[in-house]
Trainee: 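A single structure is presented below for examination.
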There are 2 protein chains.
Amino acid sequence: MDVKTVCLGMLTSGAASGYDLKKYFESSFGHFFVAGYGSIYPALSSLAESGLVTCRDIPQEGKPDRKVYSITAAGRQELMCALAKPKPGHKVRSEFLAMLWFAHLMSHEQINTVIDYRLDEVDKFLDMLDELGDCDEHEECTGANFVAGFGRAIATACKNYLEENRHTLVAGKTKELKSATG
Amino acid sequence: MDVKTVCLGMLTSGAASGYDLKKYFESSFGHFFVAGYGSIYPALSSLAESGLVTCRDIPQEGKPDRKVYSITAAGRQELMCALAKPKPGHKVRSEFLAMLWFAHLMSHEQINTVIDYRLDEVDKFLDMLDELGDCDEHEECTGANFVAGFGRAIATACKNYLEENRHTLVAGKTKELKSATG
DNA sequence: ATGCATACTATCAGTTTGATATATGGAAAC
DNA sequence: GTTTCCATATATCAAACTGATAGTATGCAT
């Protein structure tokens with residue numbers, strides 16, 4: 001399940017350009033599988049070379065040509081193989097948590113700044129999910145709904161944890177602030 | 001906050017070899033910041049070249065020499081700069097969720113397999129955290145405890161969500177299984 | 001008129017991944 | 001007794017990915 005495979009999967013719901021796929025990644029997909037142009041364009045080129053997708057050039061006035069990719073039968077087969085993988089990975093790369101691991105080397109202010117920023121990002125993410133909403137019509141949306149719900153659950157848990165436990169990181173610096181400010 | 005910076009941070013609690021750092025990454029750090037030999041060794045070499053760490057060769061009998069790295073004053077300064085970054089990232093790369101996004105292209109059995117596998121991994125992770133336990137003695141452990149707690153919270157939320165919602169992915173395939181099996 | 005956003009493509013240095021190689025000693029399996 | 005596996009320790013490499021940058025055109029705001 002690399003970027004190539006995910007692109008292949010996205011193309012099952014219709015032909016699209018690299019630009020389209022990027023927007024797709026940015027909206028719903030973005031939070032759990034990041035991909036930029038630097039990986040999408042090479043992925044599409046490689047897929048075309050292997051015959052898993054075909055490319056059609058659509059000239060446009062005043063804009064660069066759109067290169068619209070469609071999945072082939074071979075591409076569908078390849079995708080099915082990838083979906084048979086029994087042990088898919090799930091990796092987190094968090095500068096945020098890595099920083100807070102070293103919280104004892106940070107100032108009270110620095111800690112608050114990074115936590116506030118993270119809470120902000122989580123809120124933005126939850127808002128995005130709300131705007132998207134769930135789709136109850138198409139059967140092919142069950143997966144998307146499930147994943148969106150997963151995102152909601154994790155984001156909420158993240159938010160709650162940060163709000164309820166941030167005091168443990170600044171308590172050592174402020175020493176019994178609660179009674180001192182009365 | 002790349003691998004270099006995290007290595008620098010780990011070295012603040014004592015000199016260590018690349019092998020030691022790998023074990024460190026694998027145990028407590030592993031779940032939110034993955035790093036293999038392929039990134040650790042080059043990171044240490046690069047840090048040594050920049051004068052942010054020093055290296056001491058310790059010959060051993062029957063085993064390759066240990067290269068033990070220590071952080072320098074310049075290294076500490078560099079680390080402090082990195083810890084001042086106000087907007088640390090937090091990225092997820094989930095083949096698991098990417099697969100389930102395409103659940104409508106998967107068989108009932110495939111879906112159950114990947115969810116069972118993920119639940120297994122989450123349980124292993126929670127067990128690992130329990131074995132590690134919290135350290136209440138050193139002030140420098142507040143960050144580690146906070147991060148471990150975060151991991152516990154997220155893992156628990158993940159487990160609950162998967163257990164409570166997996167039925168939505170297989171319901172379409174089994175159609176009213178609940179009453180049919182009575 | 002200058003800057004910025006949208007629409008579209010594409011490249012590239014630097015970083016990371018995951019597998020593999022090398023070498024030895026000890027424990028466990030057969 | 002010997003093969004096989006694991007732990008200790010280093011290191012490299014192709015393939016993949018990141019994040020920034022670049023180019024080209026339209027339109028909209030300031």
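No hydrogens, no waters, no symmetry mates; every other heavy atom, side chains included, goes into these values. Chain letters run A, B, ... following the sequence lines, proteins first and then strands; every chain starts at 1.
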Trainee: Between D:dT18 and A:Ser39, is there an OP1 or OP2 to side-chain N/O distance shorter than 4.0 Å?
Mentor: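 Result: yes.
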Trainee: With heavy atoms under 4.0 Å as the rule, sort B:Lys91 into base, sugar-phosphate or nothing.
Mentor: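 Touches sugar-phosphate only.
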Trainee: Between atom CG in B:Asp20 and atom C1' in D:dA7, what is the gap in whole Å?
Mentor: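 It works out to 13 Å between those atoms.
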Trainee: At under 4.0 Å, does any side-chain N or O of B:Tyr19 touch on OP1 or OP2 of D:dT10?
Mentor: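 The answer is no; no side-chain N or O of B:Tyr19 sits under 4.0 Å from OP1 or OP2.
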Trainee: For a quick test of reading the model: is some side-chain N or O of B:Lys22 closer than 4.0 Å to OP1 or OP2 of D:dA9?
Mentor: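 No, no such contact exists.
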Trainee: Side-chain N or O of A:Tyr41 less than 4.0 angstrom from OP1 or OP2 on C:dA10?
Mentor: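 So the side-chain polar atoms of A:Tyr41 never come under 4.0 Å of the phosphate oxygens OP1 or OP2 of C:dA10.
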Trainee: Of the listed nucleotides (D:dA9, D:dA16, D:dT18), which one gets closest to any side-chain atom of B:Arg66?
Mentor: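 Among the listed nucleotides, the one closest to the side chain of B:Arg66 is D:dA9.
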Trainee: Considering heavy-atom distances to DNA chain D, does B:Ser17 or A:Ala35 have its closest nucleotide positioned more toward the 5' end?
Mentor: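 Its nearest nucleotide lies further toward 5', so the answer is B:Ser17.
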Trainee: Could you say whether A:Phe33 or B:Pro42 is positioned toward the 5' end of DNA chain D, judged by the nucleotide with the nearest heavy atom to each?
Mentor: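 Its nearest nucleotide being more 5', the pick is B:Pro42.
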Trainee: Tell me if the centroids of the rings in B:Tyr161 and A:Phe146 come within less than 6.0 Å of each other.
Mentor: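 Centroid separation for B:Tyr161 and A:Phe146: below 6.0 Å.
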Trainee: What's the OH-P distance between A:Tyr24 and C:dA7, to the nearest Å?
Mentor: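 It is 18 Å, rounded to the nearest whole Å.
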Trainee: Send over the distance from B:Ile40 CD1 to C:dT17 P, rounded to a whole Å.
Mentor: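 The answer, rounded to whole Å, is 10 Å.
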Trainee: Determine, for B:Phe32 and A:Arg93, whether the Lys NZ or Arg CZ falls below 6.0 Å from the six-membered ring centre while staying within 45 degrees of the axis.
Mentor: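 Judged by the rule (NZ or CZ under 6.0 Å from the ring centre, within 45° of its axis), A:Arg93 is not positioned above B:Phe32.
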Trainee: Could you verify whether a donor N or O on one side chain and an acceptor N or O on the other, from A:Asp116 and A:Thr113, lie under 3.5 Å apart?
Mentor: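 Not at all, the side chains of A:Asp116 and A:Thr113 share no donor-acceptor pair under 3.5 Å.
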Trainee: Looking at the side chain of A:Tyr37, which of C:dA10, D:dT12, C:dT16 is the nearest nucleotide?
Mentor: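 Among C:dA10, D:dT12, C:dT16, the one nearest the side chain of A:Tyr37 is C:dA10.
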Trainee: Tell me whether the guanidinium CZ or amine NZ of B:Arg56 lies under 6.0 angstrom from the six-membered ring centre of B:Tyr69 and within 45° of its axis.
Mentor: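 Verdict for B:Tyr69: no cation-pi partner in B:Arg56.
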Trainee: State whether B:Arg93 places a side-chain N or O below 4.0 Å from either non-bridging phosphate oxygen (OP1 or OP2) of D:dC17.
Mentor: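 It does, given that an N or O in the side chain of B:Arg93 lies less than 4.0 Å from OP1 or OP2 of D:dC17.
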